[in-house]
Amino acid sequence: DAGITQSPRYKITETGRQVTLMCHQTWSHSYMFWYRQDLGHGLRLIYYSAAADITDKGEVPDGYVVSRSKTENFPLTLESATRSQTSVYFCASSKNSVDTQYFGPGTRLTVL
Amino acid sequence: ILNVEQSPQSLHVQEGDSTNFTCSFPSSNFYALHWYRWETAKSPEALFVMTLNGDEKKKGRISATLNTKEGYSYLYIKGSQPEDSATYLCASPFPNSGGSNYKLTFGKGTLLTVNP
């Protein structure tokens, strides 16, 4: 189906493990984004990408790594998960940096 | 610091009440103002994008206005229903530090609860 999807939808991992969250969009949008949802902070931008092979830090990038080898995919990796990274992660895409962003369904990550 | 502020933080209304809440943003370098609706356990969905001073947009019982000169937008809900319960986010693009691109900056949202 067309749209933006995230996988897995739920993940439980342990402190220190590496975790990769996947995001895939079928619109050929140039821009893709990763946010985390935290109580009291709303949506906070982790990383974004303007095009394949172009990524930039957002508000809270520490502890995360991204790559964008293909336009349609934007994986987010937690290199060594910490409990503070327990959150709901949303991926989004848009045609350009000022246009409407379309959000994926979210991944709920728990780090024990 | 470029901030998008929303008020109130939360709001409880009775079914049938009309309500409104505010988004304020820096009026300099204004490009656009977005409103999103975010239901619990779902993902944010776009409601409106507004760009011109004096813009008004409407979608069913929900409408929004924009004042770019004073830096605010109002979201109105007429005759609130329980299904309107959600967090309403506004966002505005701001240029990044190099000025070469824009980043959409979100407010923290207004949580609306409509009691039956």
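Protein chains get the first letters and strands the later ones, always in sequence-line order, with residue 1 at the start of each. Computed from a prediction, not measured in an experiment: that's the story for all the values here.
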Residue part contacting chain B, namely of [X], when any heavy atom lies under 4.5 Å:
{"X": "Y31(A)", "answer": "side chain"}
{"X": "A50(A)", "answer": "side chain"}
{"X": "N96(A)", "answer": "neither"}

Within a reach of under 6.0 Å around [atom1] of [X], are more than 12 heavy atoms found that belong to other residues, nucleotides or ligands?
{"X": "R44(A)", "atom1": "CZ", "result": "yes"}
{"X": "E15(B)", "atom1": "CD", "result": "yes"}
{"X": "I12(A)", "atom1": "CD1", "result": "no"}
{"X": "N73(A)", "atom1": "CG", "result": "yes"}
{"X": "E14(A)", "atom1": "CD", "result": "no"}
{"X": "R61(B)", "atom1": "CZ", "result": "yes"}

- Query: So, S43(B) side chain and G106(A) main chain: donor-acceptor pair closer than 3.5 Å or not?
  - Reply: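 No, the answer is negative, given that no donor and acceptor are paired below the 3.5 Å cut-off.
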
If I take atom [atom1] from residue [X] and atom [atom2] from residue [Y], how far apart are they, to the nearest 0.5 angstrom?
{"X": "L43(A)", "Y": "K108(B)", "atom1": "CG", "atom2": "NZ", "result": "12.0 Å"}
{"X": "F94(B)", "Y": "S97(A)", "atom1": "CZ", "atom2": "OG", "result": "13.0 Å"}
{"X": "Y48(A)", "Y": "L104(B)", "atom1": "OH", "atom2": "CG", "result": "11.5 Å"}
{"X": "Q37(A)", "Y": "W38(B)", "atom1": "CD", "atom2": "CH2", "result": "3.5 Å"}

Verify the cluster assignment for [X] and [Y]: are they in a single hydrophobic cluster under the rule of side-chain heavy atoms below 4.5 Å apart?
{"X": "L89(B)", "Y": "V88(A)", "result": "yes"}
{"X": "L21(A)", "Y": "V111(A)", "result": "yes"}
{"X": "V19(A)", "Y": "Y47(A)", "result": "yes"}

- Query: Side-chain contact, heavy-atom cut-off 4.5 Å: Q101(A) with Y36(B)?
  - Reply: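 A side-chain contact exists here, since the closest heavy-atom pair is under 4.5 Å.
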
- Item | Close side-chain approach of Y102(A) to E45(B), heavy-atom, < 4.5 Å |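 The answer is no, as the side chains (C-beta and beyond) never meet within the 4.5 Å cut-off.
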
- Query: By a 4.5 Å heavy-atom criterion (distance strictly below it), what part of F48(B) contacts chain A: side chain, backbone, both, or neither?
  - Reply: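 It is neither, since no heavy atom gets under 4.5 Å.
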
- Between Y35(A), F90(A), F33(A), which shows the greatest number of heavy-atom pairs under 4.5 Å with chain B?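 If we count pairs closer than 4.5 Å to chain B, F90(A) comes out on top.
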
- Message: Which heavy atom of K57(A) sits nearest to which heavy atom of K103(B), and what is that distance?
- Response: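 For K57(A) versus K103(B), the nearest heavy atoms are O-NZ, 3.9 Å.
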
